[in-house]
Each structure stands twice: as structure tokens, then as C-alpha cells.
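Heads up, the thing below is written out as C-alpha cells.
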Amino acid sequence: MKIKMRDGSIREAGFEEELGKNAFRHTTAHILAQAVKRLYPDTRCAIGPSIADGFYYDFDFTFHFSEDNLAEIEAEMKKIVRENSQLRHFTADRKKALQVMEERKETYKIEMLRELPEDAEISFYQQGEYLEMCAGPHVAYTSAIKAFKLLSVAGAYWRGDEKNKMLTRIYGTSFPEEDMLQEYLYRLEEAKKRDHRKLGKELGLFALFEEGLGFPFFLPKGLILKNLLIDYWRKLHAKEGYMEISTPVMLNRQLWETSGHWEHYRDKMYTTSIDGADYAVKPMSCPGSMLVYKMEPRSYREFPMRISELGLIHRNEKSGTLHGLMRVRCCTQDDAHIFMTPGQIQDEIKGVVRLIDEVYSDFGFHYHVELSTRPENAIGSDEDWDLATDGLKNALNDLKLPYVVNEGDGAFYGPKIDFHLEDSIGRTWQCGTIQLDFQLPQRFGAEYTGEDGNKHRPIMIHRVVFGSIERFIGILMEHFAGKFPLWLAPVQIKILPISDKYAEYAKEMEMTLKKEGLRCEVDGRAEKIGYKIRTARLERVPYMLIIGEKEVQTNCVSVRNREDGDLGSMSIGQLLEVLHEQK
């Protein structure tokens, strides 16, 4: 695929490369804008970038625009693709660029131009009659855009500021082959079916209320699921030598100034006043762990010191970004902090990587790894950052774990390794993180006595595995489409008596199974057995036990499971053997 760069040069890049994919989809956004201007000439164009799974373009229409208009625009886009227009690049000075945009009455482009220096050189791309102020890059010809689809319409404030005018944002995606587009559209449909907000309501797991936007309520079955994950997490961490602590939800401003959060994270923090002093609800648990570490003198003999915490954290997320359990204002972060000597860095990082790999494998996830480096707002010396970054790189290289470098996306106090899960329909989710930190121990004056008898500064690892319990539950719900494996299902067994005559036997069966540590319910409603089975299937319950006259007489149960249907009659002993094998 030929890519036209800003300097006018042509480069070859495949769609699988970031350069090729961005250029391809950015060009599709231009084709969308060209189609809109042809069909609705009075429309004003704002911006239209490529994004993770496609592109969007923001428009100011002179009429009420809806998704009904998308088909007409798509048809016009196909005409433009067939015209095979070449994308021509040129530059102009600011004065000439303003003149061009004023002639075209593109008020949003004019606003952006007026904010640029007078001596700025402005980049343009043109295809046919359509001219766009744009840095590029783009594909060389419109005919390269083989397959595309306009997906949805949404409102978007100009420049993301609610004080500005609400524009119309059109989302779309594009691919070089039709089968790639169809595969993506299939995944989108699957994602709609698996939406954890829909499943959460259907399965009675969690609720969201207007009275607390971004603060999820866990219902009885959802809390069972959450506690199962916490029990799993605790057992794993105890085995790995972590000591669990719990630190307060709210601590004073001085602590957050010392940690650097007051300066670098203040806009995400909830604050209050107590006895005339400023306090903040914790957005992270690490400063509390530092206080625990500093309670008493420490020796190198205690290292590596692994401290874990299921910390309740709060972050002031914008209301427009909230999304079910995936983006909330309150969550339980499965945090841990490891204090160590410089010589222990690589072994500890490798140990955390292995732990994370074990967890994701247990849930059936594949993943890829990114190394995020120093951001613009970083604290600390270049020397410390280089040492920390090299420590992460060397650990990944020793493990022969492939990774990509994500420049400038580290935490303000240190570089990090991010783990991106791939779910059952190919979507990725960033969950686990390992951050290497030289700064917090220094800011808090943390020390330990070394083998030489002198005082030294410990190195600190911050890491999470789930990311947050809430978000991980949302990911699991969509990954399994609500069909949790037996060990994780809030209700493992539904007992379905055919009529009230068998209610007593059903209750006896329930008590027997509960004594075996199994989670079960009796559906004692006066409904037909077919209806009860359908209900249990909709609730994604792994096993159903049907009880009638024959089952009572033979002291057996008729067993059905979620995937295979009717498994036939079993004794209680046979059933328990099957269930315990799966647990």
C-alpha cells in the first residue's frame, strides 16, 4: 500500500503496520467528509482522525442529522472510491490557508488556523474537489479504500468543551478487504450481545443508579462473583509470599504532596476538609504502603518485601467517560508493592510476570505486552529513569517475552509494563501493570540497612494483576458472554422440581449439595418444567437438575448442562464426581 507522507514522499506500508492502518483510515475519514460536502454543501467540517478501530469525523449540519442519512453518505463514498482520485499534498503559509478556508466558509478550520503562529506552514491534502487542512499521512489514491462501513452517530462538543457547540460525530471503520470488514462487523454484533451492562441486569449481578454515577452497586449474585475472585487472588498471593494490609480510604494533603499526587494527579482526586486541614480520598494505595514500610527500621534480610492490598480507590472521572464497570469512579484495585535491593529487580519483575501469566492462563486469556517509557510530566533524574527502564527491558528480554515500546506513556514516577488481554472475540483490554519506581522511596525517605551496614534506598515495584476487581468482572462477563466456568458461576446448579409434589425432595437435594460447597437454588415456582429450563438457560446456569416421580423413587436426578443438554439420570455420588472434576 502506497502512503503519501507530509514531505511528499511515498512509502510502502502494510495495513498491519501502524503507519499503514492510520493512513488508510484517516483517508477514509477524508472520503467521508468529501461525501458529506457533496451531499450537504452547507455543512461545516471540524476534525476527522483515525482511532483504534476506525475513524470519526465531526460535522456542523444545518439540519437534524440521524443514522437514516448514513446509507446515502456511504453510497456517495463508494462513488468517490471508484473515481480513484489521487491525494495531492501541498503547503501554504498561514495567510493563504486562512484565505482558502474563508472562501470555503469552514469556520472550525479558520478558528484553528487563527491560533497558529503567523509564520506557520500549513499542510493540505486534496482529493478531487475536496481540500483538507491536514498533516497526513494518507494513502496515495482513494481506490485503495476497498471496504468501509459507517457505524453510528453521536454528539460531540467542539474541542470536547461543553461550553462549545454540540457537533455531530459520525463513526466508521475501514479495511483493505471485504472479509476483514465482515469479520469486524461480526465481532461488533457479538460485542453487543455480550455487553456487560446488559448482562449485569439480566443476570442480577450489579446495578447503576443516577444517585451515584460511576459508583456501581453489587447485588447478591454479583457479590458472590466478586468474592470468588478475591478468594482466588488471596490464595495466589499467600502462596507467592505476599503480606496483605489494608490502608485508610482518606489521608491528608501532606501525604499526597509528598507522593507527588497532589501536583500531578490532583484533577482526578476527591478532596475534603477535616479539622481545618485538607484531605483526599485515595486514588491509589501506594502512599499508604510507604507509611507501613516506614513504621520500623528495615534490613536487606527482609527483602524482597511483598505487600498486597485490595484497596478501595476513588477517581474523579468525567461523566462522559463512565462506562458500566469498565470506567468507574470507585473500584477495588488489586494492588501490591514490592520493596527490594537493586540486585533483586530483574528476579522480582520476572516473578510478577509469571504470576500475571498464571492468572490470565487460568481464565483462558491470551495477552501481549507493552513497555511504557518516561512521560512529559515525569519526576526524577534521567539516571534513575534510564536504570528503571533498563531493568524492565532486561527482565522482559530474559523471559524472551515479546513487547512493543509505548513511548511517553509511563506513570509520572516510573516506567511500566502493561499487559493487554485478548478476549474470546478478539478485543484487547489493558489490565495488569508492573511499574518500577525509584522516586516514591526517595520522596518518602525510605531506607534499609544493607549487607555493608550502611543505609540505602529501596527500589519499589507497583503492580496490579486484575487492574481493578470491577473492571475485570466486566471483562469476564463479556469474555464468557455471561457463561462463567463452573467454579466462578454465582449459581452453579438450578434444581427444577416438575411440581410441588417434589418440593421436599428438591430441598433435601439443595441441602446435600450446599454441604458439598456447591452453590445451588431451587426454582419452586408453579410453572411448567420447559419454562423453568428456559429460564435457567437464560440465566447461564451451568447445571440443571430435574426432579419428578422417577427421580424421587430411584433417589437420582435427571441432569442437564448448559452446553450439552440432557446428560441422563445420575445418582448423587455420580453427580458430585462430575461436578468436583470440573471445579
Side-chain angles (χ1 to χ4, degrees), residues 205-206 218 220-247 285-286 288-289 292-293 302-313 325 331-340 347-367 399 417 419 421 423 429 431-435 461-477 479-480 483-493 513-520 542-543 576-583:
L205 300 179
F206 70 93
F218 277 90
K221 290 178 183 177
L223 194 57
I224 290 172
L225 177 58
K226 184 176 181 180
N227 286 336
L228 286 167
L229 289 173
I230 288 172
D231 290 345
Y232 167 87
W233 183 92
R234 282 198 165 117
K235 287 175 185 175
L236 186 65
H237 283 71
K239 184 182 74 174
E240 294 290 329
Y242 285 81
M243 301 176 290
E244 187 177 352
I245 64 171
S246 178
T247 62
S285 297
C286 35
S289 289
V292 172
Y293 176 87
E302 300 174 72
F303 288 174
M305 180 182 291
R306 305 183 185 113
I307 299 175
S308 64
E309 178 174 10
L310 291 163
L312 186 64
I313 64 168
L325 297 179
C331 65
T332 305
Q333 194 172 63
D334 66 313
D335 226 334
H337 301 95
I338 303 173
F339 298 91
M340 61 199 168
D347 283 343
E348 284 306 298
I349 291 171
K350 288 191 282 188
V352 174
V353 171
R354 282 191 288 269
L355 184 149
I356 291 174
D357 178 77
E358 179 180 345
V359 172
Y360 294 168
S361 297
D362 283 348
F363 290 97
F365 287 118
H366 299 290
Y367 62 85
L399 289 167
I417 298 171
F419 293 77
L421 306 185
D423 70 13
W429 309 90
C431 289
T433 297
I434 305 172
Q435 299 170 352
I461 286 177
H462 308 247
R463 46 112 294 202
V464 294
V465 181
F466 293 146
S468 82
I469 303 291
E470 288 75 7
R471 188 165 180 269
F472 198 72
I473 287 173
I475 293 168
L476 287 177
M477 290 169 68
H479 176 61
F480 292 118
K483 297 179 180 179
F484 298 109
L486 183 66
W487 75 272
L488 200 55
V491 177
Q492 297 170 309
I493 305 161
L513 295 173
K514 284 184 174 179
K515 285 176 182 177
E516 293 290 331
L518 294 160
R519 298 180 295 278
C520 55
Y543 280 86
L576 290 174
E577 188 177 330
V578 168
L579 295 174
H580 286 310
E581 279 180 6
Q582 289 192 39
K583 286 184 70 181

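Shortest non-hydrogen contact noted between G474 and L325 is N-CD1, 4.1 Å. Closest approach of G311 and S285 over heavy atoms only: CA-OG, 3.8 Å. Minimum heavy-atom separation, I338 to P304: CG2-CB, 4.1 Å. T433 and F419 get closest at one heavy-atom pair: N-CD1, 4.4 Å. Of all the heavy atoms in I356 and V464, the pair that sits closest is CD1-O, 4.0 Å.
Residues forming a salt bridge (charged side-chain N to carboxylate O under 4.0 Å, His left out) with E240 (at least two apart in sequence, or on another chain): none. Checked against side-chain contact (heavy atoms from CB on, under 4.5 Å), K239 has the following partners two or more places apart in sequence or in another chain: L236, E358.
Not one N or O on the side chain of E309 forms a donor-acceptor pair closer than 3.5 Å with the backbone of D335. A donor-acceptor pair under 3.5 Å links the side-chain atoms of Q492 to the main chain of R519, judged by distance alone.
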### Task
Decide side-chain contact (heavy atoms from CB on, under 4.5 Å) for E244 and W233; before the verdict, give the C-alpha distance in whole Å, the side-chain angles of both, and the deciding distance to 0.1 Å.
CA-CA 11 Å; E244 187 177 352; W233 183 92; 4.3 Å; yes
### Query
Checking side-chain contact (heavy atoms from CB on, under 4.5 Å) for the pair H237/R306: CA distance, chi angles, key distance, verdict?
CA-CA 9 Å; H237 283 71; R306 305 183 185 113; over 6 Å; no
### Task
Might you work through the side-chain contact (heavy atoms from CB on, under 4.5 Å) test for H366 and Y360, ending with a clear yes or no?
CA-CA 7 Å; H366 299 290; Y360 294 168; over 6 Å; no
Run the side-chain donor-acceptor check on residues 223-231: report pairs under 3.5 Å with partners two or more places apart or on a different chain.
unit_1, atom_1, unit_2, atom_2, d
K226, NZ, E470, OE2, 3.1
N227, ND2, L223, O, 3.3

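Annotation: side chain of Y543 is in contact with side chain of V578 (closest heavy-atom distance under 4.5 Å). No side-chain heavy atom of V465 sits less than 4.5 Å from a side-chain heavy atom of C431. The side-chain heavy atoms of L576 and L518, taken from C-beta on, include a pair separated by under 4.5 Å. Using a 4.5 Å heavy-atom threshold, the side chains of E302 and Y293 count as separate. Considering only heavy atoms from C-beta on, V352 stays 4.5 Å or farther from I417 through its side chain. Contact check for L205 versus I473: no side-chain heavy atoms found under the 4.5 Å cut-off. The closest side-chain heavy-atom distance from F339 to I307 is below 4.5 Å. Between T332 and F466 there is no side-chain heavy-atom pair separated by less than 4.5 Å.
Between atom CD1 of residue I469 and atom CG of residue L310 there is a gap of 5.5 Å, rounded to the nearest 0.5 Å. One finds the NZ atom of K514 at 11.0 Å from the CD1 atom of I493 (value rounded to the nearest 0.5 Å). Between H462 atom NE2 and S289 atom OG the span is 9.0 Å, to the nearest 0.5 Å. Annotation: the span from I461 atom CD1 to R463 atom CZ amounts to 9.5 Å, rounded to 0.5 Å.
You'll find the ring centres of F365 and H479 inside the 6.0 Å limit. For F363 and W487, the distance between ring centers is under 6.0 angstrom.
Of the residues V491, L486, L488, L579, the one that meets the side-chain contact (heavy atoms from CB on, under 4.5 Å) test with P542 is L486.
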